[in-house]
**Q** 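Encoded as structure tokens, here's the structure I'll be asking about.
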Amino acid sequence: MNNTISFALLHLAFCFTLVSFTPISALELHGTGANMVETTCQKTPFYNLCVSALKSDPRSSGANVAGLAQIGTDKLKAKATATLRQITALLKVAKDPKLKMALRDCADYYNAIVKYDIPVAVEAVTKGDPKFGVEGATDAANEADACGRGFKNEPKFPIYASNKVVHDLSAVVASIVQLLL
Amino acid sequence: MVDTRPFLPVSSHAGSDPTGPSENRRKPMKLQLSIFFVLLTVGFFAALLTSNNGSDNGFVKENEHGSLASPSSEKQLRPVSRGPAVGVSEKSNRLFAKDNENQLAYPWNNSMLSWQRTAFHFQPEKNWMNDPNGPLFYKGWYHFFYQYNPHAAVWGDIVWGHAVSKDLIHWLHLPLAMVADQWYDKNGVWTGSATILPDGKVVMLYTGSTTENVQVQNLAYPADHSDPLLINWVKYSGNPVLVPPPGILDKDFRDPTTAWLTSEGKWRITIGSKINKTGVALVYDTKDFINYELLDGILHAVPGTGMWECVDFFPVSKTEENGLDTSVNGPSVKHVVKASLDDDRHDYYSIGTYHEKNGTWIPDEPKIDVGIGLRYDYGIYYAAKTFYDQNKNRRVLWGWIGESDSEAADMQKGWASVQSIPRTILFDKKTGTHLLQWPVEEIESLRLKSYEFNQVKVQAGSVVPLDVGPATQLDIIAEFEIDNEALEKTTGSNVTFSCSSSGGTVERGALGPFGLLVLADDSLSEQTPVYFYIAKGSDGKLKTFFCNDQSRSSVASDVNKQIYGNLVPVLEGEKLSLRVLVDHSIVESFAQGGRTVITSRVYPTKAIYGAAKLFLFNNATEASVSASLRIWQMNSAFIRPYPNDKESQ
């Protein structure tokens with residue numbers, strides 16, 4: 001009996017040894033909640049933003065790549081809508097004509113993001129023609145970029161932080177949807 | 001008693017117990033236990049090994065939503081903007097920021113935007129269009145259907161638009177042919193193809209995206225076969241007729257082809273898909289377009305090419321200068337397999353042999369197999385589809401030309417996308433490896449005033465204006481001869497050239513670039529060169545490249561500025577020949593009779609309306625060039641809705 005026990009223990013130990021020396025990729029297997037988020041985010045240009053955005057949604061545990069793409073797009077939509085609201089509010093109180101102009105341009109770009117780019121991305125991912133989703137998300141990043149460039153010569157860029165998040169998150173979503181091609 | 005021996009590594013006689021003689025009494029049970037643990041270890045090891053290999057050996061994890069097999073695959077570590085370095089031309093993988101840090105997205109005004117609308121290319125009155133669908137000739141009319149968004153200038157809510165024409169050029173818009181009104185196409189009435197039956201009746205097979213977002217194939221047919229305009233369509237009550245087969249994911253099953261007859265008298269179709277990263281074409285046989293049998297094998301597959309969209313399969317004659325019905329086969333016939341690659345948004349074709357008995361196809365040259373070799377068009381051109389035009393005994397090709405400006409500009413102008421001018425397709429007998437594409441001859445009916453220029457000499461490093469009046473709607477046919485002495489004297493080099501990685505027309509070589517500057521303003525602040533570049537190898541052999549340079553096509557920063565193009569085979573004794581169709585924001589250019597074709601979308605801000613001009617240019621350092629041209633002003637095609645009063649045309 002003792003020998004049997006030691007035998008069993010030996011084999012268990014052997015198995016655990018194998019496990020600890022196995023390269024990380026073997027443990028990835030095929031998506032176990034948090035791992036899927038990390039490995040997917042590794043393929044995007046903004047890893048930390050990607051991980052925090054996806055993990056903040058409980059649906060991300062157990063989601064596949066298409067699911068993560070949808071979560072990412074939802075987050076992007078929320079952030080872009082909030083930023084648009086910010087821009088509109090700022091426009092109401094802005095006095096400086098140059099600032100007003102830059103803000104008005106940004107309102108146009110963000111309208112494009114919220115009204116067109118994001119709905120296209122959502123539809124493309126859910127219906128399974130992802131190339132249009134990559135296009136929509138990439139365009140959203142470009143619109144955010146254009147908004148930012150309008151402030152290049154301005155002393156203040158009040159929506160700098162939110163605009164950067166929208167830009168970076170768009171790039172992240174584009175990368176994730178790209179994986180569905 | 002506790003065993004205090006240290007844990008041992010794997011021993012070759014796993015399962016043997018190294019303790020004392022007492023084991024003899026327990027041997028049978030120990031043996032069983034040992035075997036059990038050995039199997040456990042082996043099983044664990046095996047599990048680790050198979051999972052290590054990742055996506056490439058067919059371990060597919062599927063769930064209802066069509067998930068990916070595995071997240072790891074070497075191709076996926078790509079940054080978002082692959083950009084000019086990899087020659088990616090379409091909107092989908094570009095971030096504009098890289099080029100113009102200091103410029104705003106361009107303040108497009110209505111004048112600039114409305115100029116962009118084409119005069120003689122097919123486009124709906126407004127909103128978004130993509131793939132050509134079900135083209136055919138029926139009862140005296142050419143029919144064209146297309147993917148259309150009735151609500152916006154971006155992709156979405158897709159239904160089938162419809163238009164008719166007597167000559168493939170003058171189109172009249174008809175009501176939408178099919179909308180998303182069934183559970184099996186509620187989420188998209190997607191691409192499909194028409195088959196004309198021997199009795200003249202038409203059937204249409206198309207992809208529907210169901211309420212559960214599964215891609216299925218559906219059958220539809222005209223409500224009234226005696227209506228030459230085919231206005232109303234009926235969907236078969238038993239749809240869908242095909243659902244994704246085992247091993248194919250729900251979202252990888254779309255774009256059925258025109259059917260062709262087998263020697264057994266059955267109809268055969270092919271549908272593109274992918275298995276992991278291998279693009280494939282599945283084959284089905286049917287007698288009634290309702291019940292299908294999936295063939296065991298596939299028509300063809302090419303690893304690493306990803307999803308095959310809009311697959312097309314058709315015969316071309318090796319000897320005759322006409323098209324062939326899709327069912328034709330025989331010794332003087334070659335077959336073409338074409339696929340639209342989802343991964344890079346380009347259309348690729350390959351010429352090969354069809355083996356009818358088992359429904360397979362083999363490329364003549366595996367090095368230029370589908371997806372890794374020749375493209376229909378080296379610019380913006382996707383989702384192309386051919387049909388056999390029984391009216392004029394030719395095979396005609398349609399291709400979707402998207403926009404390469406920003407989506408914001410598309411929204412502002414209220415529309416996006418055009419179709420190419422339909423092209424005839426012929427096997428290039430001289431090279432044996434290429435197809436020749438040429439605008440249908442009916443386009444010549446748009447020609448108005450013509451201008452002729454003979455043997456115009458263009459010295460190295462010079463620009464020659466061509467006075468042709470307004471230069472936004474033109475048909476240009478040109479021939480170039482390059483100074484022979486320079487061709488011979490120039491020393492060859494090992495440096496490889498490619499249009500997309502070159503510096504465009506400012507990069508001067510001894511023997512190029514030279515060609516035309518279209519949509520250029522007087523000061524050349526905006527210009528779109530369509531040109532040849534001859535490179536001489538260290539072995540003395542000449543290679544000719546055909547390119548479109550968009551880098552200075554517009555001062556606007558939010559448009560594509562890439563350089564498109566490819567090698568064009570030029571055979572002994574051939575002059576360099578060029579045909580260019582300029583139609584506002586689209587330029588279609590054909591080199592060597594259509595052996596290499598490039599379509600570009602161009603969005604100038606200054607070189608528009610009367611300010612747009614045409615020039616010859618030669619930016620080579622050594623060779624002078626002489627050009628002979630014939631240029632026509634082109635009329636509008638007056639594409640408009642079908643007149644309400646029921647006069648017949």
Side-chain angles (χ1 to χ4, degrees), chain A residues 2-11 13-15 18 22-23 25-26 28-31 36 39-40 42-43 45 64-67 105 108-109 112 115-117 119-120 123-124 126-132 134-136 138-139 141-143 145-146 149-150 152 171 174-175 178-181, chain B residues 1 3 7-8 10 17 19 23 26 29-30 33-34 37 40-41 44-45 48 51-52 54 61 63 65-72 76-80 91-97 101-105 152 154-156 187-188 209 213 215 250-251 306-307 342-343 345 406-408 411 558:
Chain A
N2 283 340
N3 287 336
T4 314
I5 293 173
S6 63
F7 216 63
L9 283 172
L10 182 68
H11 276 89
F14 172 61
C15 292
L18 272 180
T22 301
S25 59
E28 287 167 12
L29 291 176
H30 300 283
M36 180 61 104
T39 51
T40 304
Q42 263 161 20
K43 288 151 189 159
N64 58 20
V65 179
D105 285 345
D108 284 343
Y109 302 136
K115 257 187 105 182
Y116 295 102
D117 292 330
V120 168
E123 190 167 343
T126 42
K127 295 180 185 178
D129 203 345
K131 63 181 183 286
F132 294 113
V134 176
E135 204 168 281
T138 306
D139 197 78
N142 287 331
E143 309 283 1
D145 229 10
R149 272 178 281 147
K152 237 182 155 60
S175 295
Q178 177 94 19
L179 300 176
L180 297 172
L181 283 176
Chain B
M1 186 176 76
D3 185 340
F7 291 120
L8 297 172
V10 183
D17 179 35
T19 50
E23 74 180 331
R26 297 182 184 275
M29 187 151 124
K30 266 204 199 117
L33 276 170
S34 315
F37 281 113
L40 194 68
T41 315
F44 188 58
F45 221 124
L48 277 175
S51 68
N52 237 335
K61 178 189 181 184
N63 65 24
H65 303 294
S67 69
L68 280 189
S70 149
S72 62
Q76 289 165 338
L77 211 65
R78 279 183 297 215
V80 174
K91 229 185 323 190
S92 64
N93 287 310
R94 271 175 345 183
L95 287 172
F96 298 123
E101 297 292 341
N102 296 315
Q103 283 177 282
L104 294 178
V154 291
W155 181 82
N187 279 320
S209 181
N213 295 307
Q215 293 168 9
D250 289 351
K251 293 183 167 72
M307 175 71 188
D342 211 6
D343 281 3
R345 298 288 285 280
S406 71
E407 264 169 34
M411 279 160 45
D558 53 351

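Throughout, a chain's letter reflects where its sequence line sits, starting with A, and its residues are numbered from 1.
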**Q** Hey, could you give me the CG/CD distance between B:Asp343 and A:Gln178, rounded to the nearest 0.5 Å?
**A** 7.5 Å
**Q** Between B:Glu407 and A:Tyr116, is there a donor-acceptor pair closer than 3.5 Å when you use the side chain of the first and the backbone of the second?
**A** no
**Q** Out of A:Pro119, A:Gly136, A:Ala124, A:Pro130, which one racks up the most heavy-atom pairs below 4.5 Å with chain B?
**A** A:Ala124
**Q** Please classify the contact of A:Glu123 with chain B as side chain, backbone, both or neither, using a heavy-atom distance under 4.5 Å.
**A** both
**Q** Taking all atoms of both residues into account, what is the closest heavy-atom pair of A:Lys127 and B:Asn187, and its distance?
**A** CD-O, 2.8 Å
**Q** Could you give the distance from CG (B:Asn213) to OG1 (A:Thr126), rounded to the nearest 0.5 Å?
**A** 5.0 Å
**Q** When rounded to the nearest 0.5 angstrom, what distance separates CE in B:Met411 from CG in A:Asp117?
**A** 7.5 Å
**Q** If you compare all heavy atoms of A:Val120 against all heavy atoms of B:Trp155, which two are closest, and at what distance to 0.1 Å?
**A** CG2-O, 3.2 Å
**Q** What part of A:Asp108 gets within 4.5 angstrom of chain B, counting heavy atoms only: side chain, backbone, both, or neither?
**A** neither
